[in-house]
Amino acid sequence: MNLSTRKVVPTPAHLVELERLGDEIAKLSAHLDAATARLLDLIREFDARGGWGNGFASCAAWLTWRIGLDPGAARERVRVARALGSLPRLAQALAHGELSYSKVRALTRVATPETEERLLEVGRAGTAEHVERIVRGWRRVDRIVEARESTRRHRSRTLHVCQDEDGMVVIRGRLEPEAGAVLMKALEAGRVALDQRRRDVPAETPPDGLPRTGLIIADDPPTLGQQQADALALIVETALHHGIDPGAPGERYQVVVHVDAQVLADADAPGQSVLEAGTRVSAETSQRLACDASRVVMRHDPAGRVTDVGARTRTIPPALRRALQHRDRGCRFPGCRLPFGQGHHIRHWANGGPTTLSNLAMLCRRHHRAVHEEGYQVERQPDGELRFRRPDGQLLAQVPTPATVPTDPVETLRAQNYARGLHIDAQTSRPAWFGECLDLGYAIDVLHPLVASLRDAPAT
Ligand SMILES: [Zn+2]
Ligand SMILES: [Zn+2]
């Protein structure tokens, strides 16, 4: 105890008084940890049941908005809450006030159901600093094991292509997870494109009228394996045709929508809204895509022939977009604050809404979808403030009013913990440590289940 800055020399009565104060701190802290366990249980349930889904990108974003946590702390709470779902021993130790939230937070970074028991002992025996150091050492071992695993996987990548006796080409291989994911995505896109072509060809079209892939389409619908094979052929042809170049990101994700003017103005009006590939999208989706886009207006005669093509214009001109970015500084949806987004016309331009600052609000992609397709409403108040409502009409406050707290929250918390059968005193969370030096290398050696495998395997 460092009392050097205090003028008063402690008398025995003072020391007793300070001892009592210290016990009080330890006791209340254990009560708060026990309450934190309950809080994490609630967060885990809320998260699992998607309670945050009504307008928020994640459970952490909801916590930031609703209880005022900073985003980092909110993400950490959700992570710990989820982890404790499969770590009952650590969860129980926190719920009984035996381990502090800090220790549990550190231990859940590495604990698995298999290692939970021994890590719990580490938490009980050591101080928060010991726990933190052991967890860091543990993660180092994990990273080494992981790096070796990933090197091994990377080396094992392979693709064999050979021809069998009847001339068919046989493919067999192992791809790294990310290359495999791209392949699977491309195969899916290829299957969808071929399926679309198959639908577009009227039944009476002779086979020589087929699109240029030259695939023979039999009467029976192709099996999944056959579709995959056709899709791979299409991907390969497309790659060779366009040159092997992934292209600029802007081009890759460009979406073209053909939409009838009356559909843009009124989602219930008859008319079409179709993506370039022929996929139909809802009128609400086409309104969202058109809300902030460049557009080319084409006029058709009743037979569908194009009679007039206008110049390409940006719905929101660059100068106005800069002003919008400057004013809104990111998504305006309550609790979001993502620093970039799209310009949303509060009254859609197709309905005569002007493209002016007062009729625009910046919304991120997620929340732009929420207002167009999920029934959220936004309006500008006479004082210029935006007001958001849920699909059921309920107001969504920018900053919710804090929950009411009983007049003596500490006493209430204690009473609740005791009512739940907890026995918490000043010794509940005291570590078993007696001041000996922590031998980190030894501790990791005996604790981490994979250290032995590192010793046996040659370094790579
Ligand atoms: Zn919009
Ligand atoms: Zn947003």
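Ligands are counted one by one from 1 in listed order, and the atoms in each one are counted from 1 as well. Just so we're clear, the structure is a prediction, and the values are computed from it rather than from any experiment. Throughout, residue positions are numbered sequentially from 1 according to the sequence presented.
- Of all N/O/S atoms in His372, NE2 sits nearest the Zn ion (ligand 1).
- Looking at Arg288 and Glu373, a side-chain N of the basic residue comes within less than 4.0 Å of a carboxylate O on the acidic one, giving a salt bridge.
- Contacts of Arg44 classified as side chain to side chain contact (heavy atoms under 4.5 Å, CB included), with partners at least two apart in sequence or in another chain: Asp41, Ala81, Leu84.
- Backbone or side-chain N, O or S atoms of Cys291 reach the Zn ion (ligand 1) at under 2.8 Å.
- Using modelled atom types, one finds a donor on one side chain and an acceptor on the other under 3.5 Å when comparing His31 with Asn417.
- Between Phe56 and Phe333, the ring-plane angle classifies as perpendicular under the 30° and 60° cut-offs.
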Problem - Evaluation steps, side-chain contact (heavy atoms from CB on, under 4.5 Å), between Val141 and Ile144 - result: CA-CA 5 Å; Val141 172; Ile144 297 170; 5.6 Å; no

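- For the Zn ion (ligand 1), the nearest N, O or S atom contributed by His344 is named ND1.
- A cation-pi arrangement is absent between Arg66 and Phe46, since the terminal nitrogen or guanidinium carbon is not both under 6.0 Å from the aromatic centre and inside a 45° cone about the axis.
- Here 4 is the count of protein N, O or S atoms positioned under 2.8 Å from the Zn ion (ligand 2), waters not counted.
- At distances below 3.5 Å, not a single donor-acceptor pair connects side-chain atoms of His345 with backbone N or O atoms of Arg347.
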